[in-house]
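Take a look at the structure set out below.
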Amino acid sequence: MTDDISRPLARAPRGFVDHRARDLAAEREILSRVSAVYERYGFEAFDTGALEYADALGKFLPDADRPNEGVFALQDDDEQWMALRYDLTAPLARFVAQSWETLPKPFRRYAFGTVWRNEKPGPGRFREFTQCDADTVGSARPEADAEIIAMAAEGLGAAGLAQGDYVLKINNRKLLNGLLVRAGVTTEGQKLAVLRAVDKLDRLGPDGVRYLLGEGRKDESGAFTKGAGLSTSAADAVLAFTAAGRADRTETLDLLANVIGGSAEGDEGLAELSRIDQALTGLGVGADQAIFDPSVVRGLEYYTGAVFEAELLLRSLDEKGQPIRFGSVGGGGRYDDLVARFTGEPVPATGFSFGVSRLASALRAAGQDLGRQTRGPVVVIVFSPDDMPAYFALVAELRAAGIAAEVYLGSSGMKAQMKYADRRLSPAAIILGGDEILAGTVTIKDLDLGRALSTGVTDNAAWRAERPGQQTLPRAELIPALRRILEA
RNA sequence: GCCGCCUUAGCUCAGUUGGUUAGAGCGCUAGAUUGUGGCUCUAGAGGUCCUCGGUUCGAAUCCGAGAGGUGGUACCA
């Protein structure tokens with residue numbers, strides 16, 4: 001009452017969320033299903049620690065005292081800066097560089113783990129979340145990309161997405177590079193501005209993107225975004241390129257050949273996509289699961305070749321009846337320069353990653369709730385502290401029989417104990433009072449059945465007399481009777 | 001990072017032109033019911049009215065700053 005000045009506020013830091021049993025069950029189910037697929041593809045499990053040295057993450061800023069660009073950083077006692085990993089790829093690159101000599105190459109691994117990003121949280125965006133990631137390091141073959149794509153598609157399907165709920169969209173950075181070279185764009189900054197503009201295609205439409213490719217765009221709030229400064233004809237070429245996606249993979253390739261053919265880098269990109277197409281076809285991945293889409297960007301600066309994005313196609317309504325679009329649930333691509341940061345040797349690599357809780361909420365919206373309500377244990381009601389040994393003998397017997405059970409350990413009366421069991425979603429409560437102990441019997445209350453029966457009862461006396469779902473039987477028949485209730 | 005809106009009980013919210021002890025519904029705890037979930041009735045607990053400063057005899061209410069939330073926008077490994 002008087003010491004409240006220093007009392008802490010009970011709240012989680014912003015962008016950090018608590019996970020109840022239901023969500024955890026869904027996420028674990030996804031991980032186990034996806035892991036099974038990834039292992040079948042020959043990827044081995046691998047994990048690193050949560051912290052990396054900040055320079056290994058590429059987040060050490062020479063000018064700043066503190067590496068603060070989106071990472072959580074702290075200083076070790078030898079004054080080196082460490083940071084919580086912000087994805088699973090950078091630690092993988094560090095590990096591969098460190099163990100290159102002894103690794104079987106190509107190195108194929110998958111990982112899932114918590115990552116942290118020190119940035120503004122938004123709807124569906126947190127500062128701590130679980131990522132699942134698979135990479136092949138040490139293969140430059142486009143077939144390595146194809147296999148990652150096929151595996152991603154199969155993984156999403158195994159997680160519970162139906163055919164047609166999602167599609168993998170594939171592009172290649174080299175195509176756009178070739179196009180830009182032909183259009184006379186040479187500076188890195190301008191190239192990045194073009195990529196950013198194209199990335200907004202689905203939100204702003206071709207007209208909005210045209211402004212961003214040219215002089216710039218002013219949005220409704222009056223904010224002005226500087227454009228890439230392309231000429232009108234160059235902007236037209238970019239837009240024509242992004243619109244070349246078709247439902248059929250080879251048809252898209254033919255169209256793209258017309259739009260960008262002739263530039264050396266563009267031809268290289270086309271050849272890679274063509275081999276990806278052939279490998280995918282061999283793997284049995286049709287155009288219903290993976291297509292070529294030249295508008296895919298994946299804003300990341302480090303991608304060097306193929307890029308891909310898993311897009312959710314399903315549309316659903318939120319609790320207010322507003323339609324929600326999920327868009328991308330995951331993505332990846334080829335990053336041939338990441339390991340070279342450490343060793344100087346270029347090491348080709350390709351990978352795919354997705355956010356686990358994002359996929360879980362997408363699945364929920366698709367009507368595929370893997371985290372069905374978690375059932376509570378069978379609850380043994382406590383009448384008298386003197387009979388505690390009898391309660392524990394009973395609960396031990398149930399546990400030995402493989403039935404989740406607990407003795408109520410609170411201090412409230414019987415009514416509250418029933419309420420507790422109800423709220424835990426327990427299948428049954430066991431009443432072992434003085435009467436039962438004397439008679440060598442036990443009373444089981446089937447809570448689901450009682451709940452169903454209670455809807456018809458309005459009269460209190462009848463409710464009390466009826467004791468819906470309740471049966472008293474000889475002690476020896478307890479476990480078989482409980483099994484029947486649990487299996488119902 | 002920039003712009004808009006919002007912040008009153010655990011939740012959803014009401015609160016008159018600035019006026020005395022800040023309310024409702026739901027939820028929670030308990031009683032009616034010697035040993036029973038629901039219904040009904042009754043009682044109870046629960047509040048730094050986001051924070052700090054200002055105006056005023058008087059502020060949940062008006063003004064300023066800050067924090068947090070939210071929606072855009074920018075960025076996104």
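Here is how names work: the chains are called A, B, and so on, in the same order as the sequence lines, proteins then strands, and each is numbered from 1. No hydrogens, no waters, no symmetry mates; every other heavy atom, side chains included, goes into these values. Treat the numbers as computed from the prediction; the structure is a model and nothing was measured.
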If you look at every strand shown and take non-hydrogen atoms under 4.0 Å, does A/Lys200 touch a base, only sugar-phosphate, or nothing?
-> sugar-phosphate
Quick one: sort the A/Tyr38 and A/Phe43 rings into parallel, tilted or perpendicular, breaks at 30° and 60°.
-> tilted
Nucleotide of B/rA74, B/rC28, B/rC76 approaching A/Arg203 most closely (side-chain heavy atoms) = B/rA74
Does any pair with a residue in residues 112-134 of chain A pass ring-ring contact (aromatic ring centres under 6.0 Å, His included), and if so which ones, sequence neighbours excluded?
-> none
Length of the NZ-C1' vector between A/Lys226 and B/rC75, whole Å | 16 Å
Mind calculating the distance between CD (A/Gln417) and P (B/rA30) to the nearest angstrom?
-> 11 Å
Look at the rings of A/Phe107 and A/Phe46 and say which category their plane angle falls in: under 30° parallel, 30 to 60° tilted, over 60° perpendicular.
-> perpendicular
Counting only side-chain N and O atoms of A/Arg298, is one of them less than 4.0 Å from OP1 or OP2 of B/rC76?
-> no
Any ion pair linking A/Arg85 and A/Asp87 (charged N to carboxylate O, less than 4.0 Å)?
-> no
List, with names and distances, any nitrogen or oxygen atoms from the protein found under 3.5 Å away from nitrogen or oxygen atoms belonging to nucleotides 36-38 of chain B.
from, atom 1, to, atom 2, distance (Å)
B/rU36, OP2, A/Arg464, NH1, 3.4
B/rU36, OP2, A/Arg464, NH2, 3.3
B/rU36, O2, A/Lys445, NZ, 2.9
B/rU36, O2, A/Gln470, OE1, 3.1
B/rU36, N3, A/Gln470, OE1, 2.6
B/rU36, N3, A/Gln470, NE2, 2.8
B/rU36, O4, A/Arg467, NH1, 3.3
B/rU36, O4, A/Gln470, NE2, 2.3
B/rG37, OP1, A/Lys415, NZ, 2.6
B/rG37, OP2, A/Trp463, NE1, 3.1
B/rG37, N7, A/Lys445, NZ, 3.3
B/rG37, O6, A/Asp446, O, 3.4
B/rG37, N1, A/Leu447, O, 2.5
B/rG37, N2, A/Asp422, OD1, 2.7
B/rG37, N2, A/Leu447, O, 3.1
B/rG37, N2, A/Arg451, NE, 3.1
B/rG37, N2, A/Arg451, NH2, 2.7
B/rG37, N3, A/Asp422, OD1, 3.3
B/rG38, N7, A/Trp463, NE1, 2.9
B/rG38, O6, A/Asn460, OD1, 2.8
B/rG38, O6, A/Trp463, NE1, 3.2
B/rG38, N2, A/Val457, O, 2.9

Starting at the 5' end of RNA chain B, which residue's closest nucleotide do you reach first, A/Gly434 or A/Pro121?
-> A/Gly434
Counting side-chain heavy atoms from CB outward, which of B/rG1, B/rG35, B/rU29 is closest to A/Arg423?
-> B/rU29
Pairing partner (Watson-Crick or G-U wobble, both distances under 3.5 angstrom) of B/rC26 = B/rG10
Expressed in whole Å, how much space separates the P atoms belonging to B/rG4 and B/rA65?
-> 11 Å
Using Watson-Crick geometry (N1-N3 plus N6-O4 or O6-N4) or G-U wobble (N1-O2, O6-N3), each under 3.5 Å, B/rG64 is paired with B/rC52
What interatomic distance, in whole Å, is found between P of B/rG31 and the corresponding atom of B/rG72?
-> 49 Å
Quickly work out the A/Lys120 NZ to B/rU70 P distance and round it to whole Å.
-> 9 Å
Give A/Glu119 one of three labels, base, sugar-phosphate or nothing, depending on what nucleic acid heavy atoms sit under 4.0 Å from its own.
-> base
Will you find, in the side chains of A/Glu436 and A/Thr443, an N or O donor that is under 3.5 Å from an N or O acceptor?
-> yes
Base, sugar-phosphate alone, or nothing: which one does A/Ser412 contact when heavy atoms must sit under 4.0 Å apart?
-> sugar-phosphate
Quick one: A/Phe72 CZ to B/rC76 C1', roughly how many Å, whole number?
-> 15 Å
Please determine, by modelled atom types, if A/Asp135 and A/Tyr335 share a side-chain donor-acceptor pair under 3.5 angstrom.
-> yes
Whole-Å gap separating C1' (B/rC76) and OH (A/Tyr303) = 12 Å
A/Leu57 has an atom CG; how far is it from atom P of B/rC76, in whole Å?
-> 18 Å
Gap between atoms CG and P, on A/Leu192 and B/rC76 respectively (whole Å) = 8 Å
P-based separation of B/rU17 from B/rC11 [nearest Å] | 29 Å
